[in-house]
There are 2 protein chains.
Amino acid sequence: MDADTAGADAGAATNLAVAAQLATEGRPRRSDATRAAILRAARDRFAADGYERATIRAIAREAGIDPSMVMRYYGNKEGLFAAASEIDLRLPLLADCPREEIGARLVRHFLDRWEGDETLNALVRVGVTNPAGADRVHAVFRDQVTPVVAAVCPEGVPASTRAALLASQILGMALSRYVLKLPPAVSLTDDEIVAWLAPTVQRYLTAEAPQLS
Amino acid sequence: MDADTAGADAGAATNLAVAAQLATEGRPRRSDATRAAILRAARDRFAADGYERATIRAIAREAGIDPSMVMRYYGNKEGLFAAASEIDLRLPLLADCPREEIGARLVRHFLDRWEGDETLNALVRVGVTNPAGADRVHAVFRDQVTPVVAAVCPEGVPASTRAALLASQILGMALSRYVLKLPPAVSLTDDEIVAWLAPTVQRYLTAEAPQLS
DNA sequence: CTTGTTGGTCAACGCTCGTTGGCAACGGTA
DNA sequence: TACCGTTGCCAACGAGCGTTGACCAACAAG
């Protein structure tokens with residue numbers, strides 16, 4: 001078993017290493033279309049079903065290829081999720097944004113991103129049930145949300161605290177609207193959501209520390 | 001297959017009907033301790049792992065009995081979840097609450113409930129990955145949250161809208177703190193959370209409709 | 001003491017899953 | 001042409017799952 005396992009692992013590692021290398025070089029391969037189809041199907045299934053219910057077989061079927069191809073190109077299910085959940089929130093820098101419009105700008109940005117990219121839904125769904133998914137959410141929060149928040153926040157309250165408050169409101173609306181699909185949350189228009197949530201986000205990012213009770 | 005399925009369904013239905021009947025009568029049975037142990041273990045596993053990863057076998061092991069007992073008492077996995085996810089938010093009526101303290105009162109109430117009852121965590125985790133779980137969340141929102149909100153809200157904005165906004169902020173904080181466990185959300189104290197979130201909730205429940213952009 | 005009901009275990013079923021290895025076809029390269 | 005890496009399909013493995021039915025022990029009722 002040692003030999004078998006070691007062999008398999010080495011093979012997978014080699015495959016991944018080669019894939020990464022080629023990907024960064026950007027040299028085109030004949031299989032690029034297939035790889036892309038797999039990723040698209042994976043994001044689709046992960047977003048709709050979460051980690052456990054999204055099966056490799058279903059993803060392969062949706063991509064129109066054999067399940068073993070998924071293994072060849074992404075090593076295993078975890079590797080596939082890692083590749084499918086790579087995301088860039090494309091947060092605006094907020095430097096050129098009037099200070100009192102930060103909240104509205106951010107809320108609208110998140111709404112647009114959520115409706116235009118299934119990866120975000122996949123990330124939330126998987127983050128809730130899978131430890132690796134939760135880690136991925138942590139990384140996105142740490143590397144993309146916190147720095148942008150830190151750049152515009154006044155002192156007195158840690159930027160990580162402000163970022164967490166922002167995340168709680170944004171994630172909560174996304175959860176209610178796109179994942180749980182609570183009817184009143186679904187039927188709100190984008191403009192209504194911005195109007196209600198913008199003052200909240202604005203306060204979380206720019207207000208002084210509130211008085212404790 | 002028709003005969004088999006019909007037979008199994010009839011059997012399960014009978015089991016459930018009998019269980020429900022005895023439960024509503026309240027006549028004590030020798031197996032009450034076992035039933036309770038199963039429910040406790042189920043809530044524990046559902047809260048920690050979500051629907052798919054929480055296996056009947058693991059739940060039975062934690063309850064110290066055989067997996068087949070779970071089937072006998074709750075019919076199937078879905079029936080077990082239905083029983084384990086019955087919940088009463090115990091929302092205060094807010095009638096005797098000073099109007100300007102509604103937000104703080106509600107935020108603190110939800111924090112207490114979340115920390116004192118794993119059922120809430122189970123509900124959120126399962127609601128995200130399982131359609132039946134999402135339905136259960138819808139029911140709780142409709143039957144317990146919306147009516148309380150409707151009782152204290154001014155006209156002009158539908159109570160269901162206000163309830164959805166409330167849910168988005170409460171669920172978002174619960175998601176960040178108890179499910180995803182974002183470090184800055186975990187390290188906040190209860191008092192800090194109340195101080196930051198209370199004005200938000202207060203505004204969602206009592207403010208006039210904001211101006212659309 | 002017998003008899004029927006209840007509480008509980010055990011071994012197995014059928015199924016689906018992630019994963020593997022072998023094999024055929026294709027396409028550049030020498 | 002002959003070769004070899006790449007792309008893809010197919011069949012199967014082992015494991016874990018929900019679920020079932022046969023069987024045993026304890027108790028309650030006659």
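Letters A, B, ... are given to chains in the order of the sequence lines, protein chains preceding strands, and every chain is numbered from 1.
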Rounded to whole angstrom units, what separation is found between the CD1 atom of I59(A) and the P atom of dT19(C)?
-> 11 Å
To the nearest angstrom, the CD-C1' distance between E78(A) and dC17(C) comes to 16 Å
Between P of dT19(D) and CE of M71(B), the distance in whole Å | 4 Å
D191(A) and T189(A): side chain donor to acceptor below 3.5 Å = no
Would E52(A) and K77(A) satisfy salt bridge (charged side-chain N to carboxylate O under 4.0 Å, His left out), going step by step from the backbone distance to the final call?
-> CA-CA 10 Å; E52(A) 339 286 334; K77(A) 192 176 179 180; 5.6 Å; no
Write down the distance between CZ (R53(B)) and P (dC17(C)), rounded to a whole number of angstrom.
-> 16 Å
Rounded to whole Å, CD1 of I56(B) lies from C1' of dG8(C) at a distance of 16 Å
Euclidean distance, atom CZ of residue R45(B) to atom C1' of dC17(D) [Å, nearest integer] = 16 Å
Any Y178(A) side-chain heavy atom under 4.5 Å of L111(A) side chain | yes
Whole-Å distance separating the CG atom of D32(B) from the P atom of dG8(C) = 10 Å
d(CZ, R61(B); P, dG16(D)) in whole Å = 10 Å
If we only count heavy atoms from C-beta on, is the Y204(A) to L106(A) side-chain gap below 4.5 Å?
-> no
pair Q202(B)-L197(B): side-chain heavy atoms closer than 4.5 Å = no
Could you pull out the protein-nucleic contacts involving nucleotides 8-13 of chain D (nitrogen or oxygen on both sides, under 3.5 Å)?
| residue | atom | partner | partner atom | Å |
| --- | --- | --- | --- | --- |
| dG8(D) | OP1 | T34(A) | OG1 | 2.9 |
| dG8(D) | OP2 | T34(A) | OG1 | 3.3 |
| dG8(D) | OP2 | Y73(A) | OH | 3.2 |
| dG8(D) | N7 | R72(A) | NH2 | 2.4 |
| dG8(D) | O6 | R72(A) | NH2 | 3.0 |
| dC9(D) | OP2 | D66(A) | N | 2.8 |
| dC9(D) | N4 | S68(A) | OG | 3.4 |
| dC10(D) | N4 | D66(A) | OD2 | 3.4 |
| dC10(D) | N4 | S68(A) | OG | 3.0 |

Apply the side chain to side chain contact (heavy atoms under 4.5 Å, CB included) test between V201(A) and each candidate in V107(A), V194(A), I102(A); give the one that qualifies.
-> V107(A)
